[in-house]
Amino acid sequence: MQLSEQEINRRKSLEELSRLGIDPYPAELFDINTSAREIQQHYPGKAFPAVSLAGRIMTRRIMGNASFAELQDETGRIQIYVRRDDLCPGEDKTFYNVVFKKLLDIGDIIGITGHVFTTQTGETSIHVSSLKVLSKSLRPLPIVKETTDEQGNVHLHDAFTDPEQRYRMRYLDLVVNPHVKDTFIKRTKLVNSMREYLNAKGYLEVETPILQPLYGGAAARPFKTHHNTLDMTLYLRIANELYLKRLIVGGFQGVYEFSKDFRNEGMSRFHNPEFTQVELYVAYKDYYWMMDLVEAMIEKVALDLHGTTEVKVGDQLINFQRPWKRFTMFEAIQHFTGIDIAQMTEAQLRDTCRQLHVPADETMGKGKLIDQIFGETCEPHLIQPTFIMDYPVEMSPLAKKHRSVPGLVERFEAICNRKEICNSFSELNDPLDQRQRLEEQLELGKRGDEEAMTLDEDFLRALEYGMPPTAGLGIGIDRLSMIMTNSPSIQDVLFFPQMKPEKGGGVHIEKELEALGVRAELIPLVQKLGIQSVAQLKELKPTKLFNDLAGMRKKLKLEIANPTLEEIEAWMK
RNA sequence: GAUCUCGUAGCUCAGUCGGUAGAGCAUUACACUUUUAAUGUAAGGGUCCUGGGUUCGAAUCCCAGCGGGAUCACCA
């Protein structure tokens, strides 16, 4: 492995610590009796004569025989004041002069004891009486500094902002970018808030299979895997709808599940291959009832997270206060375009698309055309939470037919900040109608629609035994978290968003090169040339590699013998 | 998949007309007993993403590729 100068320094410090009899990774626990936040909030109202806390060193200001450093724990930062003669009351000043000043670095984790006081500059600080190394950090931490100008604005310096680095190394992002932690804490609060709400209503939180023999409940391409013992194909679920409905058939009155679902589709600012939904099914209810529940629950979430129903998202202020605006899809289209499409035939809808400059093609049926017009002309205007009701039947094979309007289903979505945040129906519980709709989906599948639903005979069997009228709901937790935390990308609300694999970096390359007969002293040179695999090496022309290696040796001023061309040709075989 | 854009020190970024590669922080050394982006002095650190082309000469201009980001398309 190629170590940077700073990494080498830190490894040397590590050895030096061991030599001085200090275990850089001690096994025993370190007792903590407070936190940075607790001290910051309660001092000086409350005295802290004997604190013990632990955290990571984030800044250091060393001045001779006294030093300041900032310690960061889970709750925030606090300054510590370290004096030589406190740490080393006797003759031997090694622990301060060598261990603290030289062998510790930014990023190291230490535990301290001491008392809280206020410095001359007014900063609440801990006067350290003892210090213990808890974990030595071997890599330099990207240091973010902040200053506050006269207007009180905070400026960041050397911010760790590269999105790729932040997502790949979320642990670092969390250490150096404090607001990131807040986002994820809010996300968890959001889930807890919903869970409280649903539990208070007496609904049962359940778990259903992630590995499913048939994928259903949504229209999406699945991830496929294989079970060895059963020798069968299994799919990662794209939704859990069909399993939760089976539980309603089984007699539960309300069931819900926070579920990771998986869809093998494009990735974007709004799409990650695995994402979280909460799905809820309640017997003897319909979609109007569910609208009331959604309003109430999301309003509570906003209040729990922000203490108000108003949430700032980008430059919009979104208000989740009940009641939300309600439109049928036709009303929304009429509202935003002035055109009433309720009675239109397919041909008329196609004309309307042309008139409104909405892209449409010949494969689109009536339902798809309506959805297209809505998506193009209405969705971009829907900032405040709005319910859109009554969708074309073609697009909703699991929703019950509308009680009064033919061709529609009893379905609604809540749109907020131009995006769908939930989807809900009066669930289809007529087993014959359901079979027919799924068979239509099968037809679509045969015609090449990769997202068409499959036909799950066991699910239909369950419906045939009888499912009560039921209202169902799915809420995208990631999308809602984006809104509730003012995050522009789904990657900001996922700890570890899916990324392309990192390039190269195989640890075994050194051994493989050795096996080829490359001299040990030349291996770092080969790596320095950016060669990360044997295959890559073998693609090069021997003469080029020869030149490059010689050049690199010269550049690095290494006192080693250049490889000969014959030597290199031998590697290539 | 398309378009735009970026790639320079560990980090954040300058780099003029094509002419010896820069700053701050970080690192190393020394000084310093209340600092807070500590300070002062000194030092080390670079495949200027890769490959090709133009040129006496390329971080800089041209072409291709790789990687990242953004926008769009796809995503009931």
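Chain letters run A, B, ... following the sequence lines, proteins first, then strands; residues in each count from 1. Side chains are part of it too, since the values below use all heavy atoms of this structure and drop only hydrogens, waters and symmetry mates.
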Self-check item: Check against side chain to side chain donor-acceptor pair (under 3.5 Å), A/Asn97 and A/Arg84
Solution: CA-CA 7 Å; A/Asn97 284 341; A/Arg84 185 188 65 186; 5.0 Å; no

Atom-to-atom span, [atom1] of [X] to [atom2] of [N] - whole angstrom:
| X | N | atom1 | atom2 | result |
| --- | --- | --- | --- | --- |
| A/Phe270 | B/rA70 | CZ | P | 11 Å |
| A/Arg10 | B/rU27 | CZ | P | 7 Å |
| A/Lys101 | B/rU28 | NZ | C1' | 14 Å |
| A/Arg411 | B/rA76 | CZ | C1' | 6 Å |
| A/Ile238 | B/rA76 | CD1 | C1' | 10 Å |
| A/Glu70 | B/rU34 | CD | C1' | 14 Å |
| A/Leu103 | B/rU28 | CG | P | 10 Å |
| A/Leu104 | B/rA26 | CG | P | 17 Å |

Exercise. Go through the steps to decide whether A/Glu16 and A/Lys12 satisfy the test salt bridge (charged side-chain N to carboxylate O under 4.0 Å, His left out), and finish with yes or no.
Key: CA-CA 6 Å; A/Glu16 192 60 33; A/Lys12 281 186 191 153; over 6 Å; no

Listed nucleotide nearest any side-chain atom of [X], set [options]:
| X | options | answer |
| --- | --- | --- |
| A/Arg263 | B/rA76, B/rA38, B/rU33 | B/rA76 |
| A/Gln6 | B/rU35, B/rG10, B/rU33 | B/rG10 |
| A/Thr119 | B/rU33, B/rA76, B/rU34 | B/rU34 |
| A/Arg83 | B/rU35, B/rA76, B/rU33 | B/rU33 |

Quiz item: When you measure from the side chain of A/Lys400 to the backbone N and O of A/Asn429, does any donor-acceptor pair fall under 3.5 Å?
Solution: no

Quiz item: Pick one: which of A/Gln436, A/Arg437, A/Arg435 meets side chain to side chain donor-acceptor pair (under 3.5 Å) with A/Asp433?
Solution: A/Arg437

Quiz prompt | Nearest-nucleotide comparison on RNA chain B, the residue closer to the 5′ end among A/Met395 and A/Thr59 | solution = A/Thr59

Practice problem: By nearest nucleotide on RNA chain B, pick out whichever of A/Ala218 and A/Gln120 is the more 5' one. | Solution: A/Gln120

Using a cut-off of 4.0 Å on non-hydrogen atoms, how would the nucleic acid contact of [X] be classed: base, sugar-phosphate, or nothing?
| X | result |
| --- | --- |
| A/Ala66 | sugar-phosphate |
| A/Ile62 | base |
| A/Asp85 | base |
| A/Phe117 | base |

Expressed in whole Å, how much space separates the [atom1] atoms belonging to [N] and [M]?
| N | M | atom1 | answer |
| --- | --- | --- | --- |
| B/rG24 | B/rC4 | P | 38 Å |
| B/rA58 | B/rU47 | C1' | 15 Å |
| B/rA43 | B/rA26 | C1' | 14 Å |
| B/rG51 | B/rG15 | C1' | 24 Å |
| B/rC56 | B/rG18 | C1' | 12 Å |
| B/rG46 | B/rA9 | P | 11 Å |
| B/rU33 | B/rC49 | C1' | 49 Å |
| B/rC17 | B/rU55 | C1' | 15 Å |

Quiz item: Is there a donor N/O on one and an acceptor N/O on the other, under 3.5 Å, for the side chain of A/Gln79 and the base of B/rU35?
Solution: yes

Given that both distances must come in under 3.5 Å, which nucleotide forms a Watson-Crick or G-U wobble pair with [N]?
| N | answer |
| --- | --- |
| B/rA64 | B/rU50 |
| B/rG1 | B/rC72 |
| B/rC32 | none |
| B/rU12 | B/rA23 |

So, OP1 or OP2 of [N]: does either fall under 4.0 Å of a side-chain N or O from [X]?
| X | N | result |
| --- | --- | --- |
| A/Arg269 | B/rA70 | no |
| A/Arg61 | B/rU35 | no |
| A/Lys102 | B/rC30 | yes |

Quiz item: How are the rings of A/Phe223 and A/Phe262 set relative to one another: parallel (under 30°), tilted (30 to 60°) or perpendicular (over 60°)?
Solution: perpendicular

Quiz item: Between A/His127 and A/His115, how do the two ring planes meet: parallel, tilted or perpendicular, split at 30° and 60°?
Solution: parallel

Self-check item: Minimum-distance pair of heavy atoms, taken over all atoms of A/Glu265 and A/Ala219
Solution: OE2-O, 4.3 Å

Exercise. Look at A/Lys136 together with A/Asp105 and state whether they make a salt bridge at an N to O cut-off of under 4.0 Å.
Key: yes

